[in-house]
Amino acid sequence: MSNEFIKPDEMQVFWHTTSHILAHAVKRLYPEVKLAIGPATDSGFYYDFDTKTPFTADDLGKIEKEMKRIIKEGLPIERFELEKSEALEFVKGEPYKIELIEGIPAGEAITFYRQGDFADLCAGPHLGKTSAVKAYKLLSVTGAYWRGDEKNKMLQRIYGVSFPDRQQLDEHLHRLEEAKKRDHNRLGRELELFTTSEYIGQGLPILMPKGARIMQILQRFVEDEEEKRGYQLTKTPFMAKSDLYKISGHWDHYRDGMFIMGKEGDKEIFALRPMTCPFQFQAYLSKMRSYRDLPIRYNETATLFRNEASGEMHGLIRVRQFTLSEGHIVCTPEQLEDEFRGSLDLASFMLKTLGLDEDVSFRFSKWDAQNREKYIGSPEQWENTQNIMRSILDRLEINYVEAEGEAAFYGPKLDIQIKNVHGKEDTLITIQVDFQLAERFEMEYIDADGQKKHPYIVHRSSIGCYERTLALLIEKYAGAFPLWLAPVQVKVLPISEKHFDYAEAVAARLQACGFRVEKDTRNEKIGYKIREAQKQKVPYMLIAGDKEEEQGTVSVRSRKDGELGTLTLDEFITAIQEEIKNKTI
RNA sequence: GCUGGUGUAGCUCAAUGGCAGAGCAAUUGAUUUGUAAUCAAUAGGUUGCGGGUUCAAAUCCCAUCACCAGCUCCA
């Protein structure tokens, strides 16, 4: 969270201190509650508590009042150190603190911070006294597993935020409210882009005509661009026998995420595809391949099915059926770097065109060597592939963070990450390097030396999953899409009934030119029609009355800049053709 | 899957065990409109679905489905 007056790291200290004040207040009100941890986050702080009865909204109010007292008391905050044995004695009765202290390596300082009658194990640093926190708010209470492991007990987490003055807090809360208004889940329904039905089920959104329109535009754009870049489109089945997934490793490493049809003992068990890779591999395997054929770049606008757990679905961002701009490049080891580079270039081009390029970050997702059973292949293969990938990334001068345990089960990934309007990060696009599956499927090519060799495979997406990308576009533009993407580009608004025929002629002409046009022939005043069109975020409104009809012109109003004046229809058409061609953001 | 919350008209929300309501949207009529809301009337409901408690349930309890926040998982 950016802040004009305080640097981010100072805010972290500020928030961390507030989390101690929160824990202090909870301990005063509910002495039996056990303390877990309470760090600062990117945008505030939280503290995890182990409590028999979960906190209610009323409790939060009480806790806030108690925090106020602690702040008013202006308690000095003091740091002190203890030896391990002393520390363990000090936190007697706090099992989570004991566990934390036991995990601290011998010889490392064990520090505590004390404010009044409360002291907490903490690396610090902290503010000098509790009264420095002038404005704070507890935002929510949720469940969270101890140490982020679902095998552990679920604790109660209280989230909050704080600032050095009331105004900054109010501004922050206002920003949160504004962000909510951009939430794709709300805007997407308001703008009739999608809906859901409890009869259809969770994670299965229905794309309404306007949402489907945007997806269609994106899809055509993506497929055309991929064709230009040497991709060949495939159309592979939505399901396959379990045999296929047994070879790919999905059966052993991805089964929880799949919709499986049939039961143990059935002659054939089918499963809906969670990924397209093994299907496109069958296309490759349909005949003998020479090194001269490579690289082969397959793309597919792929409908995929993943059986996400019930609590994980979210609007269009996490769903059970989705459409991935998927593709697999089969290449020689020598071609790998170029193909990776090309994939990244394509993804970057897409992001730039959509205006999302400034909003993404890169993550190099590696395997977790401690969790071998999650992956196929040997440690040597993993290390080797990861090293190759890292050197490619470094040569491309990509600014990435490394993440252990985030790899696919068959290979490491470069994930292009983006945050939604609530600050939650998700993967938008991913590019993966894979040597394992080519072996498992016995994919080969005859090299120049006459030897059969296994190719490398780049699994890649170009624009990501259309549903998720659409969600992020809705939030990015608050529903006001660039002209080339807008489901309705122009709305013709006749002043009165007298002008319906002229409005019809204008709309027909625009339609014939390929624009997406609507007209508003309701018996309403022009101000009302403008208001409606504006709320629907239509980029251009054309007002048609006596004057325009006489002169064969239109009065142009843009949703962004308001009245633009009168143009001939030809002038208007030329202008928006240009805007669409350039995909102006 | 887990923790907590929510579910009332198409939408946003009221009704704290005692007659289900408002605004917007919709429909009809009047108005013929010049750059972000014309006026009036009408209609709209087995309170998500299913059980239970009660003389009486939108309201309390149980179960279930969906949605929201978060955890875990993930594109």
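In what follows, every chain begins at residue 1, and chains take the letters A, B, ... in the order their sequences are listed.
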From [options], nucleotide with atom closest to [X] side chain:
X         : options                : result
Arg468(A) : G4(B), A75(B), A36(B)  : A75(B)
Glu150(A) : G1(B), U72(B), A36(B)  : U72(B)
Asp426(A) : C74(B), G34(B), C73(B) : C74(B)
Ile543(A) : G34(B), A75(B), G70(B) : G34(B)
Gln156(A) : C74(B), U3(B), A66(B)  : U3(B)
Tyr145(A) : A37(B), A66(B), C2(B)  : C2(B)
Thr142(A) : U35(B), C71(B), A69(B) : A69(B)
Ile530(A) : A36(B), C71(B), G34(B) : A36(B)
Glu548(A) : U32(B), G34(B), G48(B) : G34(B)
Ser310(A) : C65(B), G1(B), C67(B)  : G1(B)

Could you identify the nucleotide paired to [N], looking across every strand shown and requiring Watson-Crick or G-U wobble geometry with both distances under 3.5 Å?
N      : value
U27(B) : A41(B)
A15(B) : none
U6(B)  : A66(B)
C71(B) : G1(B)
A58(B) : none

Hey, is the main chain of [Y] close enough, under 3.5 Å, to the side chain of [X] for a donor-acceptor pair?
X         : Y         : value
Tyr298(A) : Thr234(A) : no
Tyr375(A) : Ala369(A) : no
Gln489(A) : Ala486(A) : no

Taking atom types as they are modelled, is there a donor-acceptor pair under 3.5 Å from the base of [N] to the side chain of [X]?
X         : N      : value
Arg306(A) : C74(B) : no
Glu308(A) : A75(B) : yes
Glu563(A) : G34(B) : no

- Message: Quick test of your reading of the model: are Glu192(A) and Lys210(A) salt-bridged, counting only N-O distances below 4.0 Å?
- Response: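 Here Glu192(A) does not pair with Lys210(A) in a salt bridge, since their nearest N and O are not under 4.0 Å apart.
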- Message: Looking at Arg522(A), I want to see if its CZ is surrounded by more than 12 non-hydrogen atoms of other residues, nucleotides or ligands under 6.0 Å.
- Response: yes
- Item | Neighbour count >12 (heavy atoms, 6.0 Å) for atom CD, Gln551(A) | yes
- Decide whether Asp345(A) and Ser348(A) meet the rule of one side-chain donor and one side-chain acceptor closer than 3.5 Å.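 Side chains of Asp345(A) and Ser348(A): no pair found under 3.5 Å.
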- Message: Ignoring hydrogens and geometry beyond distance, is a side-chain donor-acceptor pair present between Ser461(A) and Thr430(A) at under 3.5 Å?
- Response: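 No.
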- Message: Taking the nucleotide of RNA chain B with the nearest heavy atom to each, does Gly201(A) or Gly464(A) sit closer to the 5' end?
- Response: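 That would be Gly201(A).
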- Item | Contact nearer the 5' end of RNA chain B, comparing Thr430(A) with Asp149(A) |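 Nearest-nucleotide comparison on RNA chain B picks Asp149(A).
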Report which part of the nucleic acid [X] touches: base, sugar-phosphate, or nothing (heavy-atom distance under 4.0 Å, all strands).
X         : result
Ile526(A) : sugar-phosphate
Lys413(A) : sugar-phosphate
Arg147(A) : nothing
Tyr159(A) : sugar-phosphate
Asp256(A) : nothing
Gly148(A) : sugar-phosphate
Ala144(A) : sugar-phosphate
Lys547(A) : base

Any [X] side-chain N or O less than 4.0 Å from OP1/OP2 of [N]:
X         : N      : value
Gln202(A) : C67(B) : yes
Lys529(A) : U32(B) : no
Arg363(A) : A75(B) : no

What is the distance from [atom1] of [X] to [atom2] of [N], rounded to the nearest Å?
X         : N      : atom1 : atom2 : result
Glu425(A) : U72(B) : CD    : P     : 14 Å
Met154(A) : U72(B) : CE    : P     : 9 Å
Met541(A) : A36(B) : CE    : P     : 9 Å
Ile495(A) : U38(B) : CD1   : C1'   : 15 Å
Trp146(A) : U3(B)  : CH2   : P     : 20 Å
Leu272(A) : A75(B) : CG    : C1'   : 17 Å
Glu190(A) : C67(B) : CD    : P     : 18 Å

Pick the [atom1] atom in [N] and in [M], then give their distance to the nearest Å.
N      : M      : atom1 : result
A20(B) : A57(B) : P     : 11 Å
U6(B)  : A14(B) : P     : 12 Å
A41(B) : A22(B) : P     : 12 Å
C62(B) : G21(B) : C1'   : 30 Å
C55(B) : C60(B) : C1'   : 16 Å
A26(B) : G10(B) : P     : 14 Å
U42(B) : G4(B)  : P     : 47 Å
U59(B) : U53(B) : P     : 14 Å

- Stacking between Tyr528(A) and the base of A36(B) (centre distance under 5.5 Å, interplanar angle under 30°)?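 Ring-base stacking flag not set for Tyr528(A) and A36(B).
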- Message: As an exercise, state the distance from OG of Ser462(A) to CD of Glu226(A), rounded to the nearest 0.5 Å.
- Response: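 It comes to 3.5 Å.
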